[in-house]
2 protein chains.
Amino acid sequence: MINSVVFYQTMNDKSETEKKIFEAARDVFHRRGFDGARMQEIADKAKINKALLHYYYRSKDKLFEAVFREALKRIGPIMFEALDREVPLEKKLKMFVSNYIDLVTKHPFIPGFIMHEMHTNKTRFKTFLKENKHGIIKLNKLKSQLKEGIDKGQYKNVSVEQLIINVFSLCAFPFAARPVFQTVLDIDDAGYRKVLEERKKLIPEIILMSLKK
Amino acid sequence: MINSVVFYQTMNDKSETEKKIFEAARDVFHRRGFDGARMQEIADKAKINKALLHYYYRSKDKLFEAVFREALKRIGPIMFEALDREVPLEKKLKMFVSNYIDLVTKHPFIPGFIMHEMHTNKTRFKTFLKENKHGIIKLNKLKSQLKEGIDKGQYKNVSVEQLIINVFSLCAFPFAARPVFQTVLDIDDAGYRKVLEERKKLIPEIILMSLKK
DNA sequence: GTATATTTTAACCATATGGTTAAACCTAAT
DNA sequence: ATTAGGTTTAACCATATGGTTAAAATATAC
């Protein structure tokens with residue numbers, strides 16, 4: 001038995017096969033969610049035998065956990081750290097939005113994936129966040145920046161929580177609900193990509209507008 | 001065999017048992033999604049035998065379809081019609097947001113449910129929308145109102161599509177991603193309810209602000 | 001080249017799950 | 001009371017699915 005079931009090691013240590021398996025698993029889990037994913041489909045996609053999945057990752061749960069952790073690890077720095085940096089608020093928001101949209105463009109299923117798994121298994125998320133040290137968004141810097149602006153009479157009196165919710169909603173939902181929007185607004189793939197790209201400029205504008213007096 | 005598999009009839013025609021089944025099914029499907037839902041759990045929740053499910057609704061697919069259709073029927077009038085009414089734009093937006101939040105407060109799983117099922121089975125949604133005549137949001141009225149405001153120099157030049165995406169994102173995402181937000185922002189249930197209630201005022205403000213020059 | 005360890009496979013297994021069937025059980029009309 | 005219709009149940013069935021095992025294949029060390 002290979003030692004790769006251990007999670008703290010980096011991808012570099014993984015064998016080619018293990019990478020293939022992981023990527024196939026990520027693809028399938030992201031698309032279908034835990035319940036919808038079939039070990040057979042993952043095996044097929046990785047072009048290996050189903051038993052190999054259990055050789056590298058002992059169970060569906062373990063394999064899923066690896067995928068789920070990676071997803072959180074990807075958005076973690078953006079979600080939990082980017083907003084806490086020592087950067088002027090307006091610039092920070094622009095950077096955040098741009099980075100988030102770029103990341104999720106590369107992994108478009110992440111928002112929906114995390115949301116759905118959170119709904120069906122809240123404990124998993126909480127456990128992971130807690131052990132990962134950045135379980136709760138560090139709002140200190142953002143809070144003080146906001147307060148400063150409010151005290152100066154520059155910004156309106158908005159809570160950090162609402163601000164965060166607004167930013168994430170405007171960024172993530174167009175990805176999570178993409179099929180709904182595309183259908184309902186009758187937009188093709190190319191058109192929707194353009195819409196998403198436009199939002200890199202649009203969202204910071206909206207957020208800053210909503211802050212200013 | 002009862003005639004209730006037919007979908008166009010109203011709830012009134014349904015027997016008590018059938019209602020019990022449907023409500024149990026709705027609950028389970030909304031929470032767990034199609035793949036995560038177990039017929040046994042639905043039966044247990046409805047306090048009937050599993051075979052009765054198949055007596056009233058021939059298959060899991062049929063039962064799911066009924067639930068899915070009802071969800072769309074609920075949000076349909078709001079999503080597809082409310083925005084097309086002959087009401088001043090600003091008032092319309094306020095009404096929409098308030099109605100949407102009220103509805104989804106009653107059925108908090110609907111946004112996530114629809115989003116997830118859309119991702120895993122796009123055709124189902126499209127088929128349903130097409131046959132239901134309001135498959136595509138009627139944007140005519142909204143479009144002309146927006147154009148009017150732009151021509152008057154009152155509004156900025158924003159596309160209807162971005163406007164709709166913004167409104168829906170700000171309304172729906174806080175429900176769909178509720179567990180994520182609550183965890184990550186460390187807010188309890190009562191606190192989050194308050195946050196949601198606040199948004200009835202907040203969202204129209206943001207949207208109008210983002211429109212105005 | 002042979003022995004040893006690792007990787008991969010084919011064939012199985014146990015269980016969960018959607019679905020079926022035939023009989024029992026009402027209920028209302030005659 | 002009997003019958004006929006719809007309703008409900010217990011017991012089953014077939015299959016899909018996660019997981020196991022033992023052997024084959026391949027690489028690695030000596």
Side-chain angles (χ1 to χ4, degrees), chain A residues 1-6 9 11-68 116-117 120-121 124, chain B residues 1-6 9 11-68 116-117 120-121 124:
Chain A
M1 169 66 80
I2 204 174
N3 70 341
S4 313
V5 191
V6 183
Q9 70 183 14
M11 263 295 190
N12 309 324
D13 304 337
K14 291 185 178 176
S15 72
E16 280 306 309
T17 312
E18 196 171 356
K19 274 188 207 164
K20 260 175 27 188
I21 291 178
F22 182 83
E23 271 154 36
R26 180 174 58 198
D27 190 45
V28 173
F29 278 128
H30 279 193
R31 268 177 213 285
R32 311 211 187 281
F34 180 85
D35 293 317
R38 295 301 113 159
M39 296 297 267
Q40 190 58 59
E41 190 184 352
I42 295 172
D44 291 347
K45 196 153 269 176
K47 281 171 190 160
I48 48 113
N49 190 289
K50 189 163 64 97
L52 252 198
L53 296 182
H54 291 88
Y55 175 72
Y56 282 97
Y57 300 86
R58 285 212 311 256
S59 65
K60 188 185 182 184
D61 272 289
K62 289 270 193 301
L63 182 50
F64 176 83
E65 206 178 315
V67 170
F68 191 72
H116 185 251
E117 299 308 328
T120 55
N121 193 340
R124 173 155 37 214
Chain B
M1 170 64 80
I2 203 175
N3 70 340
S4 312
V5 191
V6 183
Q9 69 183 13
M11 262 298 189
N12 309 325
D13 304 338
K14 291 186 179 175
S15 71
E16 278 308 309
T17 312
E18 196 171 356
K19 275 188 206 164
K20 260 174 30 188
I21 292 178
F22 182 84
E23 270 153 36
R26 178 174 59 198
D27 190 45
V28 174
F29 278 128
H30 278 193
R31 267 177 214 285
R32 310 211 186 282
F34 180 84
D35 292 318
R38 296 301 119 179
M39 295 297 266
Q40 190 59 60
E41 190 185 350
I42 295 172
D44 291 347
K45 196 154 269 179
K47 284 172 189 158
I48 48 113
N49 190 289
K50 190 163 64 96
L52 252 197
L53 296 182
H54 292 88
Y55 175 72
Y56 282 97
Y57 299 86
R58 287 212 309 253
S59 66
K60 189 185 183 184
D61 273 287
K62 288 271 193 303
L63 183 49
F64 176 82
E65 206 177 315
V67 170
F68 191 71
H116 184 251
E117 299 308 327
T120 54
N121 192 340
R124 172 154 37 215

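Here is how names work: the chains are called A, B, and so on, in the same order as the sequence lines, proteins then strands, and each is numbered from 1.
In this structure, CD1 on A:I48 lies 12.5 Å from OH on A:Y55, to the nearest 0.5 angstrom.
Inter-residue side-chain proximity for A:F64 and A:E117 is flagged as met; some heavy-atom pair is nearer than 4.5 Å.
Between the CG atom of B:L52 and the P atom of C:dT20 there is a distance of 14 Å, given to the nearest Å. Across the protein-nucleic acid pair, A:E16 atom CD and C:dT8 atom P stand 11 Å apart, rounded to whole Å. At whole-Å resolution of the value, NZ in B:K47 and C1' in D:dT7 are 19 Å apart. When rounded to the nearest whole Å, the span between OH of B:Y55 and C1' of C:dA23 equals 15 Å. The NE2 atom of A:H54 sits 9 Å away from the C1' atom of D:dT20 (whole-angstrom rounding). Atom CZ of A:R38 is separated from atom P of C:dA16 by 15 Å (rounded to the nearest Å). Between B:K50 atom NZ and D:dA11 atom P the separation is 14 Å, expressed in whole Å. At whole-Å resolution of the value, CG in A:L53 and C1' in D:dT20 are 13 Å apart.
Scanning atom types as modelled, no donor and acceptor separated by under 3.5 angstrom connect the side chain of A:K60 and the base of D:dG19.
Here the side chain of B:E18 pairs no donor or acceptor atom with the backbone of B:Y56 at under 3.5 angstrom. A:K60 contributes a side-chain N or O that, together with a main-chain N or O of A:A37, makes up a donor-acceptor pair within less than 3.5 Å.
In summary, A:D35 and B:R32 do not engage in a salt bridge, as defined by a charged side-chain N under 4.0 Å from a carboxylate O.
Residue B:S59 places none of its side-chain N or O atoms closer than 4.0 Å to OP1 or OP2 of C:dG18. Remark: A:Y56 is in phosphate contact with C:dT8, judged by side-chain N or O atoms under 4.0 Å from OP1 or OP2. Considering only side-chain N and O atoms, B:T17 lies under 4.0 angstrom from the phosphate OP1 or OP2 of D:dT8.
Nearest-nucleotide positions on DNA chain D place B:A51 closer to the 5' end than the other of A:A51 and B:A51.
Among the atoms of the strands shown, none is found under 4.0 Å from any heavy atom of A:A43.
Side-chain atoms of B:N49 lie closest to D:dA10 of the nucleotides D:dT21, D:dA10, C:dG18.
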